[in-house]
Amino acid sequence: MIHRIWHYFLYLYGLFLDSLSVCDSNNRLSTSGINKTQFPSQYLGQWYFVAAAATPGTRALETFTAMDNAEFSVRQCREEQNLDFRAAIRVKDGSCVPRKWIYLLPEGSTELRTEGHPDRLTQLFPFRCPHCIILKETDNSYARLLLYSRLPQLEEEFMEEFKNKSNCEGYTDILKIPQQQDYCQIED
């Protein structure tokens, strides 16, 4: 009898704690919205880097603080299990910095590995924004969320959704990319 009462008490206590949480399942990151039959083709093309989030007190966002804007091109490589990423980054001082890297696509997975960085894992998370994607990038020294959009300027409602999802994952340091200067040209 006492065991049964204790069980119900713990159940009710858990329900109470869940009711206090602002992070319902809709605000959690989930890969369930990824269309695996079209993966990765739905992510090819041009993307704009809009925002990033990380846990407080880390240096995970340090790389992005000098940026004014960044545009990315994602292409399928000759080897079907690889994606070619090219970026044109406009630094706040006005200079352009080209970058390129290869993402490796493990067979049957939507997770990405960065060529030359075996400890880096990148996961994709769609959300309500129809032209956006969230990447969760982790390695031995950091974890961060990166928000990309097909459009250079993001509607405020989707920026708020990104902030809510970030907070629910414990990433409360949010950096919005300024995007005040002209974009650089992506090099081939």
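When a residue number appears, it is its place in the shown sequence, counting from 1. Reckoned from all heavy atoms, side chains included, excluding hydrogens, waters and symmetry mates.
Using a 4.0 Å cut-off between charged side-chain N and carboxylate O, R128 and E157 make a salt bridge.
Residues F49 and L83 are members of one and the same hydrophobic cluster, defined by side-chain heavy-atom contacts under 4.5 angstrom among Ile, Leu, Val, Met, Phe, Trp and Tyr.
No side-chain heavy atom of E111 sits less than 4.5 Å from a side-chain heavy atom of T122. For the pair L121 and R113, the minimum side-chain heavy-atom distance is below 4.5 Å. K92 places a side-chain heavy atom less than 4.5 Å from the side chain of P178.
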Return all side-chain donor-acceptor pairs below 3.5 angstrom for residues 65-74, not counting sequence neighbours, or 'none' if the list is empty.
{"residue": "T65", "atom": "OG1", "partner": "E62", "partner atom": "O", "Å": "2.9"}
{"residue": "D68", "atom": "OD1", "partner": "Q180", "partner atom": "N", "Å": "3.1"}
{"residue": "D68", "atom": "OD2", "partner": "Q180", "partner atom": "N", "Å": "3.1"}
{"residue": "D68", "atom": "OD2", "partner": "Q181", "partner atom": "N", "Å": "2.8"}
{"residue": "N69", "atom": "ND2", "partner": "Q181", "partner atom": "O", "Å": "3.0"}
{"residue": "N69", "atom": "ND2", "partner": "D182", "partner atom": "O", "Å": "3.4"}
{"residue": "E71", "atom": "OE2", "partner": "Q46", "partner atom": "NE2", "Å": "2.9"}
{"residue": "S73", "atom": "OG", "partner": "Q46", "partner atom": "OE1", "Å": "3.4"}

Quiz item: Step by step, would you call V50 with L151 a side-chain contact (heavy atoms from CB on, under 4.5 Å)?
Solution: CA-CA 9 Å; V50 179; L151 308 172; over 6 Å; no

Quiz item: F162 and L154: side-chain contact (heavy atoms from CB on, under 4.5 Å), yes or no, with the steps?
Solution: CA-CA 11 Å; F162 174 72; L154 190 63; 5.8 Å; no

Quiz item: Hey, mind stepping through T114 and Y103 against side-chain contact (heavy atoms from CB on, under 4.5 Å) and telling me if it holds?
Solution: CA-CA 5 Å; T114 307; Y103 274 124; 3.2 Å; yes

Practice problem: Take M159 and I174 through the test side-chain contact (heavy atoms from CB on, under 4.5 Å) and record every step on the way to the result. | Solution: CA-CA 10 Å; M159 189 64 208; I174 310 255; 4.2 Å; yes

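A distance of 12.0 Å separates SG of C96 from OH of Y183, quoted to the nearest 0.5 Å. Note that CG of L147 and NZ of K165 are 11.5 Å apart. Values are rounded to the nearest 0.5 Å. Once rounded to the nearest 0.5 Å, the distance linking CG of L146 with CZ of F64 reads 5.0 Å. In this structure, CG in L135 is found 9.0 Å from CH2 in W47, a value given to the nearest 0.5 Å. One distance of note links CZ of R86 with CH2 of W101; it measures 10.5 Å at 0.5 Å rounding. Remark: D84 CG to N82 CG distance equals 9.0 Å, nearest 0.5 Å.
Under the 3.5 Å distance criterion, the side-chain polar atoms of D139 are matched with a main-chain donor or acceptor of Y142.
The neighbour count for E187 CD, taken as heavy atoms of other residues, nucleotides or ligands under 6.0 Å away, does not exceed 12. By the neighbour-count criterion of 12 heavy atoms within 6.0 Å, atom CD of E156 is densely surrounded, having more than that number from other residues, nucleotides or ligands. In the displayed structure, K100 atom NZ is contacted under 6.0 Å by at most 12 heavy atoms of other residues, nucleotides or ligands.
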